[in-house]
Amino acid sequence: RAHNNAVISAPVTSDLLKAESWTKSVSPNEVLTQADYEAATGQKVTGRFWLEEGNIVLGRDGELYAIYRIDASPTWGYAAIFRISEDGRTLTPVQSEHCVADGFIAFPSGQSKFMIKYDEATGRYLTFVSLVTNESPHQRNVMALLASEDLLRWEIVDVLLVEREMMNNTLSMYAHAFQYIDFDFVGDDIVMIVREAFGNACKYHNSNAITLYTLSDYAAFIRERLPQA
């Protein structure tokens, strides 16, 4: 699991209730810093800088990768990617021509948690994210499906959920959100669990519902929009 301060792991055959079964990596925030981010993106961070809420993903090359969302107000649109060493202790920023800089990739999302899974049917990694459409990195009232062949280059498949009430942009972004989406493949469909804020929610972050959505025949949906999939 990739949490805010490390990747933690244990052998599948070990006793998970024993502390000595677990290995903790170096913190991703010690490997990639705010200075690295600003040099990579050419943008100035005026709020806090933090890599958090990561994903462990198996790459096509058989290597394990940790991909983190980046909290770097007022900026957005990037994620951090590391290769995890075999012993689970070292995080190495990925180097590729498809990276913005070592360890940083362009990622069309705001500052919100995401979950990445590989789909055999389309041969793509998929995730659901909050899109920024109103110049706020914290906007979460527009949700989209993203796809990637290699974990480095991501494209928007389509927008799936948009705040449904008639509100102005400011109130909508403040009170409404589709966020922290987890999902699974069920037959020909994708089933999504969404932490949702709507109606009279006190704030977008403090959701007042957990909602279930189904994207029916998702492979056909993706192929209609990405013919090469």
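On a predicted model such as this, the values are computed, not experimentally measured, just so you know.
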Problem set entry | ILVMFWY clustering at 4.5 Å (side-chain atoms), partners of Leu58 | Val7, Val26, Val31, Leu32, Tyr37, Val45, Phe49, Leu51, Ile56, Leu64, Tyr68, Ile70, Tyr78, Phe82, Ile84, Leu91, Val100, Phe104
Exercise. In Å, rounded to the nearest 0.5 Å, how long is the span from CD1 of Ile8 to CG of Asn5?
Worked result: 11.0 Å
For this session: Any side-chain hydrogen bond (donor to acceptor under 3.5 Å, both in side chains) involving residues 10-23? Give me the pairs, sequence neighbours left out, ordered by first then second residue.
Result: none
Problem set entry | Residues Gln139 and Asn141: side-chain donor-acceptor under 3.5 angstrom | yes
Exercise. CG/Leu151 to CG/Asp61 distance, rounded to the nearest 0.5 angstrom?
Worked result: 8.5 Å
Exercise. If we only count heavy atoms from C-beta on, is the Arg60 to Tyr125 side-chain gap below 4.5 Å?
Worked result: yes
Problem set entry | Test item: Ser27 and Asn29 side chains (from C-beta on) under 4.5 Å apart, heavy atoms | yes
For this session: Applying ring-ring contact (aromatic ring centres under 6.0 Å, His included), run through Phe114 and Phe128 and close with a yes or a no.
Result: CA-CA 6 Å; Phe114 52 86; Phe128 297 88; over 10 Å; no
Exercise. Given side chains that start at C-beta, do those of Glu163 and Met173 come closer than 4.5 Å, heavy atoms only?
Worked result: no
For this session: Kindly determine whether Ser207 and Glu196 satisfy side chain to side chain donor-acceptor pair (under 3.5 Å), including the steps that lead there.
Result: CA-CA 5 Å; Ser207 61; Glu196 186 167 343; over 6 Å; no
Exercise. Quick one: are Ile222 and Leu126 in side-chain contact, heavy atoms under 4.5 Å?
Worked result: yes
For this session: Evaluate the side chain to side chain contact (heavy atoms under 4.5 Å, CB included) criterion for residues Met143 and Met192: first the C-alpha distance (whole Å), next the side-chain angles of each, then the deciding distance (0.1 Å), finally the verdict.
Result: CA-CA 12 Å; Met143 190 192 83; Met192 297 166 279; 3.9 Å; yes
For this session: Starting from the C-alpha separation in whole Å, work towards a yes-or-no answer on side chain to side chain contact (heavy atoms under 4.5 Å, CB included) for Gln179 and Val194.
Result: CA-CA 6 Å; Gln179 55 199 340; Val194 183; 5.9 Å; no
For this session: May I have the step-by-step check of side chain to side chain contact (heavy atoms under 4.5 Å, CB included) for Thr170 and Asn134, ending in yes or no?
Result: CA-CA 9 Å; Thr170 301; Asn134 288 306; over 6 Å; no
Problem set entry | No-hydrogen, no-angle side-chain donor-acceptor test under 3.5 Å, Gln43 and Thr75 | no
For this session: Evaluate the side-chain proximity of Arg195 to Ile210: yes if any heavy-atom separation is below 4.5 Å, no if none is.
Result: yes
Exercise. Does one hydrophobic cluster hold both Leu145 and Trp154, with members joined at side-chain heavy-atom distances below 4.5 Å?
Worked result: no
Seminar exercise, completed: In short, salt bridge (Lys or Arg N to Asp or Glu O under 4.0 Å) pairs touching residues 148-160 with sequence neighbours left out are Arg124-Glu149, Asp150-Arg153, Asp158-Arg225
Exercise. Ile193 and Leu212: side chain to side chain contact (heavy atoms under 4.5 Å, CB included), yes or no, with the steps?
Worked result: CA-CA 5 Å; Ile193 294 291; Leu212 174 70; 3.7 Å; yes
Exercise. Do you know the tightest heavy-atom contact between Phe183 and Met115?
Worked result: CE2-O, 3.3 Å
Exercise. Do Val191 and Asp184 come within less than 4.5 Å of each other through their side chains, counting heavy atoms only?
Worked result: no
Problem set entry | Taking every non-hydrogen atom, the tightest pair across Ser109 and Trp76 | O-CD1, 3.6 Å
For this session: Could you list all the ring-ring contact (aromatic ring centres under 6.0 Å, His included) pairs where at least one residue sits in residues 186-227, not counting sequence neighbours?
Result: Phe185-Tyr218
For this session: Would you list the pairs meeting salt bridge (Lys or Arg N to Asp or Glu O under 4.0 Å) in which at least one residue belongs to residues 83-92, sequence neighbours left out?
Result: none
For this session: Compare all side-chain heavy atoms of Leu131 with those of Val159 and state whether any distance is below 4.5 angstrom.
Result: yes
Problem set entry | Flag if over 12 foreign heavy atoms under 6.0 Å of CZ, Arg1 | no
Problem set entry | Close side-chain approach of Ser216 to Asp188, heavy-atom, < 4.5 Å | no
Exercise. Strictly by modelled atom types, are His138 and Ser112 linked by a side-chain donor-acceptor pair under 3.5 Å?
Worked result: no
Problem set entry | Residue pairs fulfilling salt bridge (Lys or Arg N to Asp or Glu O under 4.0 Å) with at least one residue in residues 97-120, sequence neighbours excluded | Lys117-Asp182
Seminar exercise, completed: Note: Ser25 and Gly88 closest approach over all heavy atoms is CB-O, 3.2 Å
